[in-house]
Number of protein chains: 2
Amino acid sequence: MCDGTPLKVIDPVDTEGMLDIGSVSDSVIFGDCRTVLSRLPDSSVDMVFMDPPYHLQLPKKDLKRWNQNNVVVAVRDEWDSFGSFEEYDRFIEEVLVEVKRVLKEKGALWVISTYHSIHRIGKIMQDLGFWILNDVHWVKTNPMPNWLGVRFTNATETLLWALRDKDAKGYTFHRDRAKEFGIGKVGANVWVIPLCTGEERLKNSEGTRLHSTQKPAELLRRVTLTSTNEGDLILDPFAGTGTTGHVARELGRKFIMIEANPDYIPGMAERFTFGAPGPKDKRIKELEEAMAEGEGEEGDP
Amino acid sequence: MCDGTPLKVIDPVDTEGMLDIGSVSDSVIFGDCRTVLSRLPDSSVDMVFMDPPYHLQLPKKDLKRWNQNNVVVAVRDEWDSFGSFEEYDRFIEEVLVEVKRVLKEKGALWVISTYHSIHRIGKIMQDLGFWILNDVHWVKTNPMPNWLGVRFTNATETLLWALRDKDAKGYTFHRDRAKEFGIGKVGANVWVIPLCTGEERLKNSEGTRLHSTQKPAELLRRVTLTSTNEGDLILDPFAGTGTTGHVARELGRKFIMIEANPDYIPGMAERFTFGAPGPKDKRIKELEEAMAEGEGEEGDP
DNA sequence: AAGTTGGTTGAATCCCACA
DNA sequence: TTGTGGGATTCAACCAACT
């Protein structure tokens with residue numbers, strides 16, 4: 001699954017001008033994706049997978065779980081707070097303009113979001129000339145139940161798959177994979193996948209989740225296998241825990257990841273080195289134990 | 001299911017000024033919904049269900065079925081064709097402004113569309129201050145396959161359920177119904193329903209479909225039962241074959257329908273009178289036969 | 001009568017070489 | 001550039017005709 005090749009971590013401040021695709025391949029670039037994207041060349045990427053902030057607009061007070069004392073850990077990270085729809089729209093548009101520029105002629109874009117913002121994203125995509133091929137619906141087998149009973153339980157997230165240009169012919173699509181993944185015999189646009197939990201979920205030093213919205217690797221596998229070829233270059237401007245790159249490596253694709261939050265970089269790098277979810281992973285524990293026992297016995301020269 | 005009470009057909013040209021809710025209740029009003037809506041009073045409707053044109057932008061060329069001597073009858077109705085997204089957006093916004101005005105304080109809006117236009121509609125809804133409660137995904141058991149295998153089979157349509165105002169408290173939601181309809185045990189936002197075909201599908205005088213996009217009654221039942229109470233007033237600005245009103249009557253709700261295309265009115269009215277799909281329905285055939293046999297025997301005085 | 005077969009259809013942004 | 005024709009390939013549901 002993972003050969004242990006470490007993840008290159010690139011700080012673009014170390015250089016000036018355009019970044020060379022070859023030298024930033026298979027790396028994570030630290031920084032605001034708008035700035036980093038602007039330093040990547042035109043028409044150089046086969047596929048972009050994008051998991052932007054959702055603009056959830058959650059209430060300021062923590063939601064109290066009904067009849068329980070604990071507090072639901074809601075998504076209220078700083079990176080997901082925008083003052084208004086206008087501000088959010090502007091941000092998304094700036095990113096998408098750059099994404100369109102760096103995509104190859106027959107390149108494709110995947111975006112994932114929820115009803116809070118997917119309509120804004122989809123509208124902007126269409127206005128910029130992206131050509132939507134499908135909406136794909138991720139149905140979670142284990143969604144967070146809606147304990148207040150005031151709405152339907154939101155068990156889905158929406159992915160949009162779009163071409164850079166409307167009339168692009170010969171884009172990549174592996175129908176056999178689509179039929180394997182989509183429900184029914186027709187390769188429908190519905191994927192049933194559990195949430196990312198347990199061992200797969202990266203943990204921080206306190207043992208709680210490292211990232212609030214880590215996507216399941218299976219989701220990225222399906223995206224990658226249906227719409228890219230081996231050796232293709234995949235770009236993720238909102239890398240988070242690095243699932244996109246991790247799956248890309250597993251499936252023999254190249255990747256460039258961009259992440260603005262330094263808190264995520266160590267966990268992401270660890271994941272590549274150990275091919276494992278994170279600090280709680282058995283292999284890491286074993287390694288730590290081995291290191292503790294054999295302290296001083298081994299070391300890099 | 002249907003008591004045979006005929007459907008009132010109202011031509012608003014017959015009167016001037018505002019329309020009285022009482023007198024247009026349980027009727028279909030003939031005309032452009034923007035004009036008709038503007039003549040309905042503020043805050044008078046409990047729920048709006050809206051199935052607008054999708055602006056499909058299908059190719060001019062027919063898709064041939066190569067194992068049989070015919071083509072796919074595409075949706076190329078004039079009412080679905082707009083010059084541009086801008087024109088489409090303007091149309092939708094004009095309708096939604098009026099919809100918001102006629103909705104009661106705790107009123108809700110349902111909209112259905114596909115990826116072709118749902119994002120534009122959702123964005124406009126948010127900009128107008130509608131508060132999206134859920135996206136609900138209709139998964140079709142029998143979608144048309146993507147024969148050429150160049151995309152995922154599009155097996156879904158998206159419904160958006162939204163409040164007129166963000167902070168409305170005490171809006172109508174029947175969670176037991178939601179649990180009954182949504183997949184899983186949590187009342188999830190995914191509904192699996194077959195397409196509207198067979199006897200249920202209204203036919204024209206030639207025996208082919210009366211309307212290119214008739215929705216299944218089961219879809220409207222779920223919308224109605226989860227988000228309205230008995231006696232509520234439901235408005236449908238794009239009535240088509242009148243499924244919304246027909247289901248409303250079946251479930252003890254009041255309704256106002258608006259339809260701009262006169263071709264659909266007779267079929268719609270027939271459906272109410274006979275509680276039946278249309279000319280091909282058995283009951284209608286029986287009636288016709290009985291009338292032929294007993295010609296002259298009975299008659300209105 | 002009950003089951004089988006063949007034909008038709010569904011909101012579809014569905015191909016490609018060649019003239 | 002647009003139009004034509006060759007050829008490659010989907011499934012569930014419904015219905016009419018037939019066994």
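In what follows, chains are A, B, ... by sequence order, proteins preceding strands, each numbered from 1.
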Discussion item. Does anything in residues 48-73 of chain B form a salt bridge (Lys or Arg N to Asp or Glu O under 4.0 Å)? List the pairs, not counting sequence neighbours.
Written reply: B/Asp51-B/Lys215, B/Asp62-B/Arg76
Please produce a list of atom pairs where a protein N or O lies less than 3.5 Å from an N or O of nucleotides 5-9 of chain D.
| residue | atom | partner | partner atom | Å |
| --- | --- | --- | --- | --- |
| D/dG5 | O6 | B/Lys61 | NZ | 3.2 |
| D/dG7 | O6 | B/Lys64 | NZ | 3.4 |
| D/dT9 | N1 | B/Trp66 | NE1 | 3.1 |
| D/dT9 | O2 | B/Trp66 | NE1 | 2.3 |
| D/dT9 | N3 | B/Trp66 | NE1 | 2.9 |

Using a 4.5 Å cut-off on heavy atoms from C-beta on, say whether the side chain of [Y] contacts that of [X].
{"X": "B/Thr224", "Y": "B/Phe49", "value": "no"}
{"X": "B/Val111", "Y": "B/Met125", "value": "yes"}
{"X": "B/Asn204", "Y": "B/Glu206", "value": "yes"}

Base, sugar-phosphate or nothing for [X]? Non-hydrogen atoms, less than 4.0 Å.
{"X": "B/Pro194", "answer": "nothing"}
{"X": "A/Val186", "answer": "sugar-phosphate"}
{"X": "B/Asn154", "answer": "sugar-phosphate"}
{"X": "A/Ile132", "answer": "base"}
{"X": "B/Trp79", "answer": "base"}
{"X": "A/Asp135", "answer": "nothing"}
{"X": "B/Asn70", "answer": "sugar-phosphate"}
{"X": "B/Pro52", "answer": "base"}

Worksheet, complete the sentence: In B/Thr158, B/Val190, B/Val139, B/Asp135, the residue satisfying side chain to side chain contact (heavy atoms under 4.5 Å, CB included) with A/His137 is B/Thr158
Given the [atom1] atoms of [N] and [M], what is the spacing between them in whole Å?
{"N": "C/dC18", "M": "D/dA8", "atom1": "P", "value": "14 Å"}
{"N": "C/dA11", "M": "D/dC15", "atom1": "C1'", "value": "23 Å"}
{"N": "D/dT9", "M": "C/dG10", "atom1": "P", "value": "25 Å"}

Worksheet item: Would you call the rings of B/Phe272 and B/His246 parallel, tilted or perpendicular, where under 30° means parallel and over 60° means perpendicular?
Response: perpendicular
Worksheet entry | Face-on cation placement of B/Arg249 at B/Phe255 ring, 6.0 Å and 45° thresholds |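 B/Arg249 over B/Phe255 ring: no.
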Worksheet item: Cation-pi between B/Arg120 and B/Tyr88: NZ/CZ under 6.0 Å from ring centre and within 45° of the ring axis?
Response: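 Cation-pi check for B/Arg120 and B/Tyr88: fails.
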Worksheet item: Taking atom types as modelled, is there a side-chain donor on B/Arg177 or B/Ser227 under 3.5 Å from an acceptor on the other?
Response: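 No.
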Worksheet item: Are A/His116 and A/Tyr54 close enough, and set up right, to give a ring pair (Phe, Tyr, Trp, His ring centres under 6.0 Å), and what steps lead you there?
Response: CA-CA 7 Å; A/His116 303 86; A/Tyr54 285 8; 7.7 Å; no
Practice prompt. Take atom NZ of A/Lys169 and atom P of D/dT1, then tell me their distance rounded to the nearest Å.
Written response: 14 Å
Worksheet entry | Protein-nucleotide distance (B/Gln68, atom CD; D/dC15, atom P), rounded to Å |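 One finds 18 Å between P of D/dC15 and CD of B/Gln68, rounded.
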Practice prompt. State plainly whether the residues A/Arg90 and A/Glu93 are in salt-bridge range, i.e. N to O under 4.0 Å.
Written response: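 No, A/Arg90 and A/Glu93 are not salt-bridged.
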Worksheet item: When the nearest nucleotide of DNA chain D is assigned to B/Asn142 and to B/Lys60 on a heavy-atom basis, which residue is associated with the more 5' position?
Response: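 Going by which nucleotide is closer to the 5' end, it is B/Lys60.
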Worksheet item: Taking only Watson-Crick and G-U wobble pairs with both distances under 3.5 Å, what dot-bracket line describes DNA chain D, where [ ] shows pairs that cross earlier ones and | shows pairs with another strand?
Response: .|||||....|||||||||
Discussion item. Using only atom types and a distance under 3.5 Å, with no angle test, would you say the side chain of B/Asn134 pairs donor to acceptor with the backbone of B/Val136?
Written reply: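 Not confirmed, B/Asn134 side chain does not pair with B/Val136 backbone.
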Fill in: Start and end of chain B contact along DNA chain C [non-hydrogen atoms, under 4.0 Å]
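With heavy atoms of chain B under 4.0 Å away, the range is C/dT8 to C/dC15.
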Practice prompt. Flag the pair B/Trp79 / B/His55 as yes when their ring centroid distance falls below 6.0 Å, and as no otherwise.
Written response: no
Item to complete: Name the residue closer to the 5' end of DNA chain C, choosing between B/Val150 and B/Cys196 according to the nucleotide with the nearest heavy atom.
Response: B/Cys196
Fill in: Residue met sooner reading DNA chain C from 5', once B/Val75 and B/Gly149 are mapped to nucleotides
B/Val75
Discussion item. Would you compute the distance between atom NZ of A/Lys123 and atom OG of A/Ser117 and round it to the nearest 0.5 angstrom?
Written reply: 15.0 Å
Fill in: Those residues that, when tested against B/Phe152, pass ring pair (Phe, Tyr, Trp, His ring centres under 6.0 Å) (two or more places apart)
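Listed in chain order: A/Trp161, A/Phe173, A/Trp191.
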Worksheet item: Under the rule syn = chi within 90° of 0, otherwise anti, which is C/dT13?
Response: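 Base orientation: syn.
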Worksheet item: For residues 109-117 of chain B, which residues have at least one heavy atom under 4.0 Å from DNA chain C?
Response: B/Tyr115, B/His116
